[in-house]
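One structure is given below, encoded as structure tokens.
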Amino acid sequence: MLNEKMYALGNKRSIIREIFEYCKSRAGEIGPDKVFDFSIGNPSVEPPKEISEAIIDLINNENSVLLHGYTSAQGDLGVRQAIANEINEKFGAGVNENSIYMTCGAAASLTISLRALLNEGDECVVFAPFFTEYRVFVENAGGKLVVSTPMEKTFQIDVSDLESKITEKTRAIIMNSPNNPSGVVYNEETIKAVCKVLEKKQKEYGSPIYLIADEPYRELVFDDIKVPYLMNYYDNTIVCYSYSKALSLPGERIGYIAVSPRAQDSQKVYLAVCGAGRSLGYVCAPSLFQQVIKRTIGAKVNVNIYKENRDILYNALTEYGYECVQPDGAFYLFVKALEDDAYKFFEKAKKKEILVVPCDDFGVSGYVRIAYCVDKQRIVNALPAFKALAEEYKK
Ligand code: PLP
């Protein structure tokens with residue numbers, strides 16, 4: 001006998017992975033330049049040059065036994081100090097090395113945090129549209145996923161809907177901004193209103209509600225947009241950060257959790273994070289990349305490349321008659337399907353070799369996600385197919 005739940009998860013890939021795999025096999029049949037694959041959020045911008053310089057220097061000049069050895073379970077002390085300093089310099093958040101737990105990216109940050117916070121049957125509210133894996137992560141931690149419906153068209157948080165979804169069982173909410181799949185950045189006014197509701201509900205039920213800030217796209221914003229730092233708005237905050245998108249390092253699996261020093265029983269929460277990391281086997285994040293991160297604090301990818309892609313795609317698609325949410329960050333365009341059923345739209349787009357992701361699993365039906373973290377030329381080459389698709393619907 002095996003665990004049927006795990007078998008089911010392994011047996012059925014996420015829709016994004018399904019489409020991505022299809023694209024690879026289709027590219028083998030007709031050539032990669034003829035398949036317009038917009039399925040997966042794999043960064044298309046090079047990591048900053050400081051990354052490879054740091055790797056080379058570390059390999060050439062550091063003691064290799066130490067460099068590739070185990071670090072402390074929660075991560076190397078010097079690395080955690082460097083990250084805490086960076087957070088404090090940027091946001092004045094008052095964290096220290098004992099607030100930081102190094103992880104294998106945001107997925108690990110989230111699974112550890114949820115495991116640390118939730119007890120069997122606790123509820124975790126997420127805002128639609130949401131990263132599909134939240135359901136897997138929350139349920140694996142014994143929790144129940146509760147979906148809050150967004151404002152129409154803007155896809156900002158509907159604060160009164162959130163309020164109606166919070167019960168005495170709510171232990172956490174997950175906020176992801178810039179958002180995957182909408183590209184929306186939640187504005188400060190909304191965040192203040194959300195925090196007010198959380199404060200009120202904590203008081204009403206007499207137990208903490210944690211705000212999990214899922215922030216892999218924090219650095220990927222356009223046009224001077226600011227992403228508010230949630231710890232500065234709400235004490236019971238846990239930041240789940242990742243360098244996957246910020247530094248184009250998704251395959252290296254590196255990120256961290258930061259527990260607000262002002263969270264209720266902050267050190268106890270941090271120790272629960274350490275315990276969850278231990279129980280899940282997520283101890284000692286990749287040692288080489290912990291050191292790379294320490295040496296490259298402040299390094300950035302060229303966000304203008306994503307912005308240029310966004311502008312080309314957004315401007316062309318809106319001109320062809322598609323209704324798109326204007327993204328302020330991340331690298332996704334959230335587009336209303338040209339018929340009610342996003343899957344049927346997906347199939348029609350597929351016939352034109354355009355591969356986008358229907359968003360029903362993200363908690364919003366009738367929309368598709370276009371991941372524009374691709375070579376600019378792919379977008380330019382795909383435009384006539386997008387145009388022909390729109391015209392087909394007008395007939
Ligand atoms: N959270 C969101 C919103 C994401 O989009 C992703 C990846 O696409 C993750 C978490 C997981 O990121 P990581 O690769 O750092 O585990």
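Both ligands and their constituent atoms are indexed starting at 1 by order of listing.
- A salt bridge does not link E392 to K351: none of the charged nitrogens lies less than 4.0 Å from a carboxylate oxygen.
- Of the charged side-chain nitrogens involved, at least one lies within less than 4.0 Å of a carboxylate oxygen, so that E29 and R26 count as a salt-bridged pair.
- Under 4.0 Å from ligand 1, the heavy atoms of Y217 that appear belong solely to its side chain.
- For ligand 1, the atoms sitting less than 4.0 Å from at least one non-hydrogen atom of N180 are 3 (C), 4 (C), 5 (O), numbered in the order shown with element in parentheses.
- Taking 4.0 Å as the cut-off, G255 does not count as a neighbour of ligand 1 on heavy-atom distance.
- In terms of protein heavy-atom proximity, atom 6 (C) of ligand 1 is nearest to F131 CZ, 3.5 Å.
- Residue D214 has at least one heavy-atom neighbour below 4.0 Å for each of these atoms of ligand 1: 1 (N), 2 (C), 3 (C), 10 (C).
- Checked for salt-bridge contact, K200 and E204 miss the test: no charged N lies under 4.0 Å from a carboxylate O.
- The aromatic rings of Y217 and F331 sit perpendicular, their planes meeting at an angle over 60°, well past the 30° parallel limit.
- Applying the 4.0 Å criterion to heavy atoms of S244 picks out, from ligand 1, the atoms 13 (P), 14 (O), 15 (O).
- For ligand 1, the polar-atom distance check finds no N/O of Y134 at less than 3.5 Å from any of the ligand's N/O atoms.
- The N/O atoms of A107, backbone and side chain alike, include one that comes under 3.5 Å of an N/O atom in ligand 1.
- Close contacts of ligand 1 with N176, meaning ligand atoms under 4.0 Å from a residue heavy atom, involve 3 (C).
- Not counting sequence neighbours, the partners of A382 by the side chain to side chain contact (heavy atoms under 4.5 Å, CB included) test are F36, F38, F386.
- Judged by the 6.0 Å distance and 45° axis criteria, K350 is positioned over the aromatic ring of Y22.
- Scanning all protein heavy atoms for the shortest distance to atom 8 (O) of ligand 1 gives K245 NZ, 2.9 Å.
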### Message
Determine whether S260 and T237 satisfy the following criterion, side-chain hydrogen bond (donor to acceptor under 3.5 Å, both in side chains), listing intermediate values before the conclusion.
### Response
CA-CA 6 Å; S260 169; T237 294; 6.0 Å; no
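- Backbone and side-chain nitrogen or oxygen atoms of R253 are examined, and one is located within less than 3.5 angstrom of a nitrogen or oxygen of ligand 1.
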For residues 115-132, dump all side-chain donor-acceptor pairs below 3.5 Å to protein atoms at least two apart in sequence or in another chain.
unit_1, atom_1, unit_2, atom_2, d
R115, NH1, N140, O, 3.3
D122, OD2, N119, N, 2.7
E123, OE1, T167, OG1, 2.9

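- Under 4.0 Å from ligand 1, heavy atoms of A106 appear from its side chain as well as its backbone.
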